[in-house]
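Heads up, the thing below is written out as structure tokens.
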Amino acid sequence: MLTILFLGDVVGEPGRSAVIARLPELRRAHGIDFAIVNGENAAAGRGITPKITIDLLRAGVSVITTGDHVWDQKEIFQFIDTEPRLLRPINYPDGAPGAGTIVLETAKGKVGVINVQARTFMQPILENPFPMLDAAVNQMRTETPIIVVDAHGETTSEKIAIGRFLDGRVSAVLGTHTHVQTADEQIFENGTAFICDAGMCGPVRSILGREIEPILGRFISNLPAAFPVADGEVRLRGVLVEIDETSGRALRITRVDEAAPAEETPPV
């Protein structure tokens with residue numbers, strides 16, 4: 001059996017510091033063989049930088065996925081071609097920097113990861129994810145039956161459709177983007193683990209990881225405002241997926257909801 005930890009959208013410095021601090025302990029406690037983190041909000045809530053990418057990988061993250069904010073930090077354009085473990089959605093047109101898939105060797109065999117962006121209510125509107133996934137999965141299955149898909153999208157219906165479309169062909173379809181952990185974790189009939197949204201790694205007293213008051217003001221006034229990342233208590237949310245390493249079928253999916261390390265009280 002191969003155990004994968006998948007953590008949802010990492011929000012700003014609070015989220016990434018919590019992931020970096022807790023990941024080694026989580027790997028030991030749960031016997032994790034492979035860790036995937038969605039990092040598209042890791043840089044002050046928008047995008048990811050080369051330094052943050054390196055910090056997460058050094059902490060034990062195996063692959064970093066992204067989504068609609070992947071290009072928000074401009075230095076990522078040059079960097080993403082040099083670091084194959086940082087993915088962007090597969091359904092960008094030909095010629096986009098980086099890649100949307102990777103296969104990595106582990107002690108228990110090869111693991112494939114695919115990053116895809118849904119289209120409903122999403123910007124930018126990318127290529128149709130279904131034929132792109134079909135081709136990518138067919139290719140990847142020639143190398144390994146263990147495949148995890150990060151389905152980055154707004155609507156539950158589209159993410160469920162992606163999961164049903166790939167049932168029996170991949171090990172897991174795990175949703176990201178909404179930052180709210182859903183309670184629909186399940187294994188479909190043909191062996192694919194699924195959840196609509198893994199949740200976020202970020203501040204609890206917030207609106208999707210951002211300070212509450214500016215967002216309330218925006219809803220009330222309709223006027224533009226900055227949305228700083230919130231502070232305070234942080235939780236790490238995601239899922240653990242246990243996979244038969246021979247068949248690639250998911251055996252179990254369990255939600256993760258872990259506290260960040262408590263801040264130490266300075267000595268008096």
Only one of Q117, H152, Q123 forms a side chain to side chain donor-acceptor pair (under 3.5 Å) with D68, so which one is it? H152
State whether E25 and R22 are salt-bridged, where the test is any N-O pair (Lys NZ or Arg NE/NH1/NH2 against Asp/Glu carboxylate O) under 4.0 Å. yes
Who passes side chain to side chain contact (heavy atoms under 4.5 Å, CB included) against L208, sequence neighbours left out? H179, V180
I'd like to know if R237 and D257 make a salt bridge, using a cut-off of under 4.0 Å between side-chain N and carboxylate O. yes
Compile the donor-acceptor pairs under 3.5 Å between side chains in residues 125-134 and protein atoms, sequence neighbours left out, one pair per line.
unit_1: N128; atom_1: OD1; unit_2: F130; atom_2: N; d: 3.0
unit_1: D134; atom_1: OD1; unit_2: R169; atom_2: NH1; d: 3.1
unit_1: D134; atom_1: OD1; unit_2: R169; atom_2: NH2; d: 2.8

Presence of salt bridge, K159 and D197, under 4.0 angstrom: yes
Can you spot which of I48, T49, T53, I54 makes a side-chain contact (heavy atoms from CB on, under 4.5 Å) with K51? T49
Any sub-3.5 Å donor-acceptor pair from T155's side-chain atoms to T120's backbone N or O? no
State, without any angle test, whether T65 and D150 hold a side-chain donor-acceptor pair at a distance under 3.5 Å. yes
With a sphere of 6.0 Å drawn around CD of E105, does it hold more than 12 non-hydrogen atoms of other residues, nucleotides or ligands? yes
Verify the neighbour count for atom CZ of F77: are there more than 12 heavy atoms of other residues, nucleotides or ligands below 6.0 Å? yes
Are any side-chain N or O atoms of S171 and backbone N or O atoms of I147, one a donor and one an acceptor, separated by less than 3.5 Å? yes
Would you find a donor on one side and an acceptor on the other, under 3.5 Å apart, between the side chain of K110 and the backbone of T144? no
Would you mind reporting whether V10 and N38 have side-chain heavy atoms less than 4.5 Å apart? no
Hey, does the side chain of D81 reach the backbone of G98 with a donor-acceptor pair shorter than 3.5 angstrom? yes
